[in-house]
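The structure appears right after this line, and notes come after that.
Lettering follows sequence order; numbering is per chain, from 1.
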There are 2 protein chains.
Amino acid sequence: MYKRCQMKKKHTKNRHHNSTKKITSVDVARLAGVSQSTVSRAFGTGNELTEETKKKVLKAAMELKYRPNAIARSLTSQNTNIVGIVMANAKSPFYSKTLDEFTIKLQKLGKQTLLFSVEKGRDIDEILSHVLEYRVDGLVITSATISSEMAEECANIGTPVILFNRYATGTNVSAVCCDNVKGGRDVADYLLDRGYTQLAYIGGNPKSSTNIDRLKGFQERLQERGFSDLLIRNDEYSYESGYRIAKELILEGKKPEVIFCASDIVALGAMDAAKHEFNLKTPEEIAIVGFDDIEMASWPTYSLTTIQQPIEEMTEFAIDLLESKIKKMNTKCELKLFPGKLIKRGSA
Amino acid sequence: MYKRCQMKKKHTKNRHHNSTKKITSVDVARLAGVSQSTVSRAFGTGNELTEETKKKVLKAAMELKYRPNAIARSLTSQNTNIVGIVMANAKSPFYSKTLDEFTIKLQKLGKQTLLFSVEKGRDIDEILSHVLEYRVDGLVITSATISSEMAEECANIGTPVILFNRYATGTNVSAVCCDNVKGGRDVADYLLDRGYTQLAYIGGNPKSSTNIDRLKGFQERLQERGFSDLLIRNDEYSYESGYRIAKELILEGKKPEVIFCASDIVALGAMDAAKHEFNLKTPEEIAIVGFDDIEMASWPTYSLTTIQQPIEEMTEFAIDLLESKIKKMNTKCELKLFPGKLIKRGSA
DNA sequence: AAAGAGAATGAATACGTATTCATATTTTAA
DNA sequence: TTAAAATATGAATACGTATTCATTCTCTTT
């Protein structure tokens, strides 16, 4: 009964569109004169198989252009070899570099990247729900954070989650970050050491942990060294935002000697505003410091002094951590902080 | 026998780690007092179901925090709702923007993006092989092209492929591109109209269709208008490459009046080289034109005259085309060219 | 040489959902 | 009111692979 049905179906298909025939391990088995199990074993690792039969199977597979079905495999093996990555802002230099690093490194481990984009104002939980339907082996969230309910749900179904470049207190979710507080402090020290006294801070998204910590470290250290008046403005992580805020500050007659921007892209905006709106020279008339060390920061036109985030080590670590969680070797909730490095260039 | 085995397994698991129990439609069915089929129908669309039973099922599902398994669904429904995207250079501004557009638009259609990164010098066929194992519904290739064997194989297994921002003659693969020849011609006209006579071209990857066509259009039009000496250099699509080549040109005493660069990122490099290595003013002493219109091109520091690629329309079209191919509504091989738009800014 | 260990293979089945087919129930038509 | 049509649901099975269990065959070991 089954066989007849099967054949009828195939026949219909073939008549309809000659070429579209799906080759399965059963077809290979038939051609090679072995069982389907054997074909499966020939494509796995560490299976007991005679060299001879293996060769026979692979030859048949080649002949039919057989390609194992990863979807079917995932169903039985209970792991997809897919890692979900959730990003907002995937087109910004820092995050696109991060994504690239993740993708390449995962690929080398035989894993694939399922990418999700969170648009501003969209509900991340809804997106996460979709991610989880695909039974990803693990999840990296680089933008936006995760609600505690969703975190718990991930934990329940056994999907490890790692936050990258942000963390969420009280959610029991591991995170890999740059030490933003220390970065802020280092900038404060550097600027005070160079004799600046009129300081400003232009932040990004005021609710993000990155922004909070960078400001916190900066402000804290300034106060420790006796400087308490700091001009603070927040908005969002973008060139336009940096440009606009810097312009406003200067127009309001509050031109500082130096602005510490919460990210390079904001810093570039601020620098351009100073230069093109007021013809101010950097660093003589207004100094700028950024955070991230994106590629553009090193271009001579900007030569931006900044805190470098060690993206490669961070992604490397994040993947290792995720792997160990996937293998259930590590179930602790960790917050790993990487120290940033002050890169001194011309802008301050 | 099966049931006993099943229960034993669950029991073991629960003892080992209390929380990790996979909820399936069978569990939901049991709680709701219906069959598994009914649960399946409750989550599909356009199925005959009483409001009452549907509500009952959804309530049970909610209670158990059930989430349909997309992998299992893919196996039966024969489509994954996953689109594969192959990129090299995913961190460059143009491609990261492209990727973002694709991801967001696909998501809105309920599709997911499986991302593959091709590193320089890596074999793309091997990567494509992996993509195909996941039985993606369709494939977008934005970097590197596709071998004709692989194209044929995709066609055989019924996976539609679309090249984006490149095309391959003789492979019968559809492509969505900017009209690069016309773009090149437009730049030629613009520059000749403004009276430039000493022209240079700095290309990207000399084998890419983008580079070939942009140069072709540019050179063709120059010749049509009687200008035959054009300085041509190719290397790769990067800031560093643009910087280095521009520097070399000038050092060799061949400073042109204007350089047409095959991409914005190359143009920015060239501009910076002129400015920082030789203190040349743009556009007075050396004019620069790019291609793409990435965000940075509009920043006042660069104010780059360039050809704008209509990325949003192009991605939109590419997705529509892919969709219609997935639904087998369109099996033609198309090459869709979008006209670029000359954006006149300060650099030329 | 016989028995037992070990290796190679096949048969059967699980993975979780969608769908077809059959059946029970309700609605419509006559 | 009854036959027929339509609707709602359940039972069974397919999707393609991995794996467990059983079986056959080969090789040691005494």
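- Distance from the side chain of A:Ala72 is smallest for D:dT17 among the nucleotides C:dC15, D:dT17, C:dA18.
- For the OP1/OP2 pair of C:dT17 and a distance below 4.0 Å, the side-chain nitrogens and oxygens of B:Ser25 include at least one atom meeting the criterion.
- Checking the phosphate oxygens (OP1, OP2) of D:dG16, a side-chain nitrogen or oxygen of B:Gln78 falls inside 4.0 Å.
- For D:dA11, neither phosphate oxygen OP1 nor OP2 lies less than 4.0 angstrom from any side-chain nitrogen or oxygen of B:Ser37.
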Residues 108-121 of chain B side chain polar contacts: donor-acceptor under 3.5 Å, at least two apart:
from, atom 1, to, atom 2, distance (Å)
B:Lys111, NZ, B:Glu323, OE2, 3.1
B:Ser117, OG, A:Asp100, OD1, 3.0
B:Lys120, NZ, B:Glu236, OE1, 3.3

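- Closest to the side chain of B:Val26, from the set D:dG10, C:dT17, D:dT19, is C:dT17.
- In this structure a side-chain-to-backbone donor-acceptor pair under 3.5 Å is missing from A:Asn165 to A:Cys177.
- Partner of B:Ser174 under the side chain to side chain donor-acceptor pair (under 3.5 Å) criterion, chosen from B:Glu334, B:Lys325, B:Lys332: B:Lys325.
- Atom P of nucleotide C:dG16 and atom CD1 of B:Ile23 are separated by 11 Å, given to the nearest angstrom.
- Checked against salt bridge (Lys or Arg N to Asp or Glu O under 4.0 Å), A:Glu101 has the following partners two or more places apart in sequence or in another chain: A:Lys97, A:Lys105.
- B:Asn89 and B:Ser143 share no donor-acceptor pair across their side chains, judged by distance under 3.5 Å alone.
- Note on B:Val39: nothing from the nucleic acid sits closer than 4.0 angstrom, heavy atoms only.
- Direction of the helix axis in the helix from C:dA1-D:dT30 to C:dA30-D:dT1 shifts by 30° between the two five-pair termini, rounded to 10°.
- Under the 3.5 Å distance criterion, the side-chain polar atoms of B:Asn330 are left unmatched by any main-chain donor or acceptor of B:Ser324.
- Of the listed nucleotides (C:dA11, C:dT17, D:dT17), C:dA11 has the atom at the smallest distance from the side chain of A:Arg41.
- Rounded to a whole Å, the NZ atom of A:Lys56 is 11 Å from the C1' atom of C:dA8.
- If you find the closest nucleotide of DNA chain D to A:Thr24 and to B:Thr50, the one lying nearer the 5' end belongs to B:Thr50.
- Annotation: of the two residues near DNA chain D, B:Lys54 and B:Arg135, the 5′-most nearest-nucleotide partner is B:Lys54.
- The separation between A:Leu49 atom CG and C:dT9 atom P is 6 Å, rounded to whole Å.
- For the pair A:Asn69 CG and D:dA14 P, the computed distance is 18 Å after rounding to whole Å.
- Not a single donor-acceptor pair under 3.5 Å links the side chain of A:Arg166 to the backbone N or O of A:Leu163.
- Close to C:dC15, at under 4.0 Å from its OP1 or OP2, lies no side-chain N or O of A:Ser74.
- Contact between the side-chain N/O atoms of A:Tyr66 and the OP1/OP2 oxygens of D:dT17 is found at a separation under 4.0 Å.
- If you measure from atom CG of A:Leu64 to atom C1' of D:dG16, you get 15 Å, rounded to the nearest angstrom.
- Contact between the side-chain N/O atoms of B:Ser40 and the OP1/OP2 oxygens of C:dA18 is found at a separation under 4.0 Å.
- For A:Thr38, the side-chain atoms get nearest to C:dG10 when compared with the rest of D:dG16, C:dT17, C:dG10.
- In this model, a donor atom of one side chain and an acceptor atom of the other lie less than 3.5 Å apart for A:Thr38 and A:Ser35.
- Look at CD on B:Glu133: it is 12 Å from C1' on D:dT17, rounded to the nearest Å.
- Look at CD on B:Glu52: it is 15 Å from P on C:dT25, rounded to the nearest Å.
- Of the candidate nucleotides C:dG16, C:dA11, C:dT17, C:dA11 has the atom nearest to the side chain of A:Ser35.
- With hydrogens and angles left out, the side chain of A:Gln36 and the base of D:dA18 share a donor-acceptor pair within 3.5 Å.
- Spacing between atom CG of A:Asn79 and atom P of C:dG16 amounts to 13 Å, rounded to whole angstrom units.
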